[in-house]
Participant: 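If you scroll down you'll find the structure; I have some questions about it.
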Amino acid sequence: MLAKELRLPFKDSDKEIEQRTGADIPWIFDVEGEQGFRDREQAMIEELCEHDGVVLATGGGAVLRPANRQALRCGGRVVYLHTSVEQQIERTSRDRNRPLLRSADPGKVLRDLMAIRDPLYREIADIIIETDERPPRLVVQEILARLQALPPR
Ligand SMILES: Nc1ncnc2c1ncn2[C@@H]1O[C@H](COP(=O)(O)OP(=O)(O)O)[C@@H](O)[C@H]1O
Ligand SMILES: O=C(O)C1=C[C@@H](OP(=O)(O)O)[C@@H](O)[C@H](O)C1
């Protein structure tokens with residue numbers, strides 16, 4: 001939706017990894033482990049951040065590696081779509097495609113992940129937007145307005 005408004009191509013790093021490997025992400029986690037997936041993710045993010053004029057969506061763990069944070073910062077503006085853990089639990093409860101959430105207590109996993117990742121997202125974000133109880137259309141409008149208000153780099 002954002003890419004359409006900005007008239008830019010949209011890239012999803014997870015989808016690109018799946019297309020290139022011909023395997024889905026749960027399969028990559030099963031066969032290569034999380035580190036194997038993270039290596040593929042890092043290579044993909046470094047490649048995609050070199051493109052100009054692209055809206056890039058990453059997986060939620062992309063901020064973990066310093067190399068990814070640097071590539072994302074250098075590549076353009078970074079927007080952190082903040083969602084409370086309560087909403088994350090609700091939004092992911094019917095989704096079986098997230099290997100890290102295959103747990104007896106996905107709420108605890110999400111709380112633990114958020115404690116580690118939230119400061120990392122904040123470290124690199126140019127813009128932080130609250131998405132709880134706000135439809136995607138409003139979130140996109142706010143991103144557009146806040147991008148326009150940023151001083152040039
Ligand atoms: N602002 C929003 N309001 C309601 N539901 C949302 C909103 N943003 C995303 N969702 C839903 O939450 C789920 C996870 O969103 P997704 O974009 O896949 O997150 P991520 O890529 O960060 O894992 C999807 O079902 C999506 O439709
Ligand atoms: O949070 C994570 O570490 C991950 C999130 C996933 O992407 P989404 O954020 O799109 O679910 C995907 O990259 C992989 O399963 C790891």
Side-chain angles (χ1 to χ4, degrees), residues 1-6 8-49 54-72 75-147:
M1 212 186 289
L2 177 66
K4 205 170 155 198
E5 293 292 337
L6 290 169
L8 292 173
F10 173 73
K11 297 276 179 192
D12 176 321
S13 59
D14 284 343
K15 293 270 175 314
E16 294 285 326
I17 292 168
E18 290 185 326
Q19 277 169 12
R20 301 260 183 112
T21 52
D24 65 14
I25 286 174
W27 190 91
I28 297 172
F29 267 72
D30 286 344
V31 174
E32 299 182 350
E34 180 171 351
Q35 289 319 307
F37 170 74
R38 296 289 172 213
D39 291 341
R40 290 183 184 277
E41 181 178 53
Q42 181 176 337
M44 186 55 68
I45 286 174
E46 282 172 351
E47 182 185 323
L48 292 171
C49 283
V54 169
V55 174
L56 169 64
T58 70
V63 287
L64 290 172
R65 289 197 176 176
N68 294 347
R69 298 202 294 280
Q70 195 184 340
L72 291 166
R77 303 299 196 177
V78 178
V79 180
Y80 172 21
L81 301 177
H82 178 270
T83 308
S84 68
V85 172
E86 290 65 35
Q87 287 260 320
Q88 291 175 30
I89 294 169
E90 219 168 278
R91 290 182 191 174
T92 56
S93 62
R94 283 166 294 278
D95 191 335
R96 297 282 153 268
N97 228 17
R98 295 170 198 263
L100 294 178
L101 300 185
R102 289 184 198 140
S103 153
D105 189 355
K108 177 176 171 6
V109 175
L110 287 168
R111 267 189 299 281
D112 292 348
L113 292 178
M114 193 65 171
I116 295 167
R117 295 175 179 185
D118 181 74
L120 302 176
Y121 293 125
R122 288 177 192 278
E123 177 191 310
I124 60 168
D126 294 291
I127 298 172
I128 301 172
I129 296 195
E130 183 52 57
T131 77
D132 279 10
E133 314 299 343
R134 301 177 70 202
R137 190 178 46 80
L138 287 186
V139 173
V140 167
Q141 277 174 10
E142 186 178 342
I143 297 172
L144 292 170
R146 303 259 311 266
L147 282 174

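Values reported hereafter were calculated over all heavy atoms of this structure, with side chains retained and with hydrogens, waters and symmetry mates removed. Start at 1 and go down the list; that is how both ligands and their atoms are numbered.
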Participant: Will you find, in the side chains of T58 and S13, an N or O donor that is under 3.5 Å from an N or O acceptor?
Facilitator: no
Participant: List ligand 1's nitrogen or oxygen atoms that come under 3.5 Å of a protein nitrogen or oxygen, with the partner atom and distance.
Facilitator:
residue  : atom   : partner : partner atom : Å
ligand 1 : 1 (N)  : R134    : O            : 2.7
ligand 1 : 8 (N)  : R91     : NH1          : 3.4
ligand 1 : 18 (O) : R98     : NH2          : 3.3
ligand 1 : 23 (O) : R98     : NH1          : 2.6

Participant: Quick check for you: to the nearest 0.5 Å, what is the distance between M114 atom CE and Q88 atom CD?
Facilitator: 5.0 Å
Participant: Show which atoms of ligand 2 fall inside a sub-4.0 Å distance from at least one heavy-atom site of P99.
Facilitator: 15 (O)
Participant: Donor-acceptor pairs under 3.5 angstrom involving side-chain atoms of residues 136-145: please list them, not counting sequence neighbours.
Facilitator:
residue : atom : partner : partner atom : Å
E142    : OE1  : R134    : NH1          : 2.8
E142    : OE1  : R134    : NH2          : 2.8
E142    : OE2  : R146    : NH1          : 2.8

Participant: Check whether any N or O atom of G60, backbone or side chain, sits under 3.5 Å from an N or O atom of ligand 2, and answer yes or no.
Facilitator: yes
Participant: Between T131 and H82, is there a donor-acceptor pair closer than 3.5 Å when you use the side chain of the first and the backbone of the second?
Facilitator: yes
Participant: Just by distance, do the side chain of E18 and the backbone of I25 share a donor-acceptor pair under 3.5 Å?
Facilitator: yes
Participant: Of all the non-hydrogen atoms in the protein, which one sits nearest to atom 11 (O) of ligand 2, and at what distance?
Facilitator: R98 NH1, 2.4 Å
Participant: Do any N/O atoms on R38 end up under 3.5 angstrom from N/O atoms on ligand 2?
Facilitator: yes
Participant: Working to the nearest 0.5 Å, report the span between CZ of F37 and CE of M44.
Facilitator: 10.0 Å
Participant: I'd like to check which ligand 2 atoms, numbered from 1 as shown, lie under 4.0 Å from a non-hydrogen atom of I25.
Facilitator: 14 (C), 15 (O)
Participant: Examine the proximity of ligand 2 to R91 and report which part, side chain or backbone, both or neither, has a heavy atom under 4.0 Å away.
Facilitator: neither
Participant: Counting N and O atoms only, with roles assigned by atom type, does the side chain of D126 sit under 3.5 Å from a partner on the main chain of V78, one being a donor and the other an acceptor?
Facilitator: yes
Participant: Could you tell me whether a side-chain N or O of T92 sits under 3.5 Å from a main-chain N or O of D95, the two making a donor and an acceptor?
Facilitator: no
Participant: Which atoms of ligand 2 are found less than 4.0 Å from any heavy atom of G61?
Facilitator: 1 (O), 2 (C), 3 (O)
Participant: For the CZ atom of R91 and the OG1 atom of T83, what is their distance to the nearest 0.5 Å?
Facilitator: 4.5 Å
Participant: Report the nearest protein non-hydrogen atom to atom 6 (C) of ligand 2: residue, atom name, distance rounded to 0.1 Å.
Facilitator: D14 OD2, 3.7 Å
Participant: Has the side chain of Y121 got a donor or acceptor atom that lies under 3.5 Å from a matching backbone atom of G60?
Facilitator: yes
Participant: Given that the side chain starts at C-beta and the backbone is N, CA, C, O, which of these parts of L100 lies under 4.0 Å from ligand 2, counting heavy atoms, or is it both or neither?
Facilitator: side chain
Participant: Under a 4.0 Å heavy-atom limit, does R117 contact ligand 2 with its side chain, its backbone, both, or neither?
Facilitator: side chain
Participant: Is there a side-chain contact between E16 and R20 (heavy atoms, below 4.5 Å)?
Facilitator: yes
